[in-house]
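The structure appears right after this line, and notes come after that.
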Amino acid sequence: MDIIYTIWLRSMIRYIRSKSRIVGSISMPLFFLLFLGFGLNSVVRIPGLGENYIEFLIPGMVAMSVLFTSVFSGIQIIWDKQFGFLKETLVAPVTRMEIMLGQTFGGATTALIQGIIIMVISLFVGLKVQSVTGFFIALGFMVLIGISFTAFGIAIASRMEDMTGFQLIMNFVVFPIFGLSGALFPISSLPPWLAPVTMLDPLTYGVEGIRYGLTGVSQINPVLSFMVIGGFACIMTIIGAFLFRKISI
Amino acid sequence: MTYAIQVHDLTKKYGNLVAVNNISFGIMQGEIFGLLGPNGAGKTTTLSMLSTMQKPSSGTATVQGKDVEKNEDDVRKAIGIVFQDQSLDEELTAGENMNFHGRLYRIPPDERDKRIDDLLRLVELYDRKNDIVKTFSGGMRRRLEIARGLLHHPSVLFLDEPTLGLDPQTRNHLWQYIADLSKEKHITIILTTHYMEEADRLCDRIAIIDHGSIIALDTPQNLKNGIGGDIITIKTPDINTVSGVLSEPWIHRIETHNDEIRIYLRNAEQHISDIITTLNQENITVHSVSIHKPTLEDVFLSYTGKTIREQEIDGKEMMRMHMRMVRH
């Protein structure tokens, strides 16, 4: 436990020092929120989910912020590999499982904080938190998304030599995961051939879970959402730990 | 005397490439032991196996009596490492880097803080404790890494090319640190280097390693004595005729290397005029003559037929070919 805490602590210190990173990763979901939100607010009507597109969009943007931050946190292990710091941890008398879990929790915490920042900003553009319970439900889902995708990033980083493949992963894996998740539109509005794909996207359940927590309505039963994203978090952690074990430097 | 490290028939293969070939040696407690050889000779691979970072293909190695494969964790607790490439977290301060290390090795908090301050004083970085490592020079980083490697009181310290890329002044400083360290703390130190001078000055014993094999192992003095006295180097266009005309009994051995003749003999100063006279009588043009006492460079040359620099270029070529093979 103390080792996991140590690695987590390092992630936190690095996070707090990287002001530009904090601002950088908030800007994207924030711009989405402002441009899409205000731009489409008057033209988009979502049946059964209130008349307000911004309110619909906010949980999606929170999830987006968590998703991108956590993938990036996981993939950062490549920097540690390249700058040599990973060796320092790998040669210490600690297990790789501890290192991997420390990284995962560190990444998830970072992502959670980023998500909360978006949530706080959203309060000024129309977010009305329904209840304290709802708020904590949303936080719970954010943690699960954070764990899932930090572990996902670690898994990818364990197989990558350098950052050159990063853009590829972002464009062809992470962005589709985001786009298909129902963060921007209700899944019921998709054509029948695309809807099943959305249901295969684990982030869909994360977004729906946050949406349930923040707005009180969702298209997927929150219990189902919890089970799917929770299960996905477990599986990704196992895969990430497995691949990280085999990392060689 | 007991052994700190024992290595038996250690081998590491990457596919067809044999990086370390069946090496055996023992390092005594408290000794400074050097692995000297060109880049790509297998020094770092040997160190990686001894520090449990890589599994041997065959053979065994023990550190403080613990097997590197079976008792990984015990070995890791017993050793401190300064890697060839920097392994500090540049975003953290010197103190934080040390603290992180102390936590990883589970040193209790009070003890940890005390040792961190002591060691930072030892490497003269105490007043930079709260500065971010990014602002440190190469020499400061190296010193910090050495301090960090000592934090958990290892009984064996691995230094992989400790002064690579440092300026001569910093290098001299570091050598002094390392020598003092070994004396004061009685730590066994194993270091790799391709600087002859470094090996000569620091090491109690040296293993010269080339193409994955140990080709010589002794004290620097014995290695140099083994060459057979001094060396006279003659540059001449008539390389092939020289060895024919010089047959005096006091000449130990004559070798040709590129466009030079190297004559190994004792008391070179006394005999040099005889040699020049003989060459003049035979009408052999002499461009230049020099005498020098044997260095480890000469030892390397006499064992491998190449200077360490030439060997390095070959090694790189081999590596490149290997990479190409792997890729296709």
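Order of the sequence lines fixes the chain letters, A, B, ..., with proteins taken first and strands second; residue numbering starts at 1 for each chain.
- Atom CZ of A:Arg245 is surrounded by 12 or fewer heavy atoms from other residues, nucleotides or ligands within 6.0 Å.
- Other residues, nucleotides and ligands place more than 12 heavy atoms under 6.0 Å from the OH atom of A:Tyr15.
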Worked verdict on A:Phe83 versus B:Asp85 for side-chain contact (heavy atoms from CB on, under 4.5 Å): CA-CA 8 Å; A:Phe83 288 109; B:Asp85 309 311; over 6 Å; no

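- Of the two parts of B:Phe83, only the side chain, counted from C-beta on, holds a non-hydrogen atom closer than 4.5 Å to a non-hydrogen atom of chain A.
- No other option in B:Asn99, B:Leu88, B:Ile132, B:Val75 has as many heavy-atom pairs under 4.5 Å with chain A as B:Leu88.
- In this structure, B:Lys13 places its NZ atom where only 12 or fewer heavy-atom neighbours from other residues, nucleotides or ligands lie under 6.0 Å away.
- Listed options B:Lys77, B:Glu90, B:Glu72, B:Glu96 were ranked by heavy-atom pairs under 4.5 angstrom with chain A; first place goes to B:Glu96.
- Atom CE of A:Met227 has 12 or fewer heavy atoms from other residues, nucleotides or ligands within 6.0 Å.
- A distance of 9.0 Å separates CG of A:Leu9 from CG of B:Leu92, quoted to the nearest 0.5 Å.
- For B:His101, the parts lying under 4.5 angstrom from a heavy atom of chain A are both the backbone and the side chain.
- Closest approach of A:Phe85 to B:Asp89, counting heavy atoms only: CD1-N, 3.4 Å.
- Within residues 59-76 of chain A, no residue has any heavy atom under 4.5 Å from a heavy atom of chain B.
- A salt bridge does not link B:Glu145 with A:Lys87: none of the charged nitrogens is closer than 4.0 Å to a carboxylate oxygen.
- Neither the backbone nor the side chain of A:Ile99 comes within contact range of chain B; no heavy atom of the residue lies under 4.5 Å from a heavy atom of that chain.
- When all heavy atoms of B:Ser87 and A:Gly84 are compared, the closest pair comes out as CB-O, 3.2 Å.
- Under the side chain to side chain contact (heavy atoms under 4.5 Å, CB included) test applied with B:Arg103, the options A:Asp2, A:Ile3, A:Thr6, A:Val94 reduce to a single match, A:Thr6.
- Under a 3.5 Å cut-off, the side chain of A:Arg17 and the backbone N or O of B:Glu91 do form a donor-acceptor pair.
- Interface remark: A:Thr89 contributes backbone and side-chain atoms alike to the contact with chain B (heavy atom separation under 4.5 Å).
- Annotation: B:Lys129, atom NZ; neighbour count of heavy atoms from other residues, nucleotides and ligands within 6.0 Å is above 12.
- Interface residue B:Leu104: backbone and side-chain heavy atoms are both found under 4.5 Å from chain A.
- Closest approach of A:Ala92 and B:Tyr105 over heavy atoms only: CA-OH, 3.4 Å.
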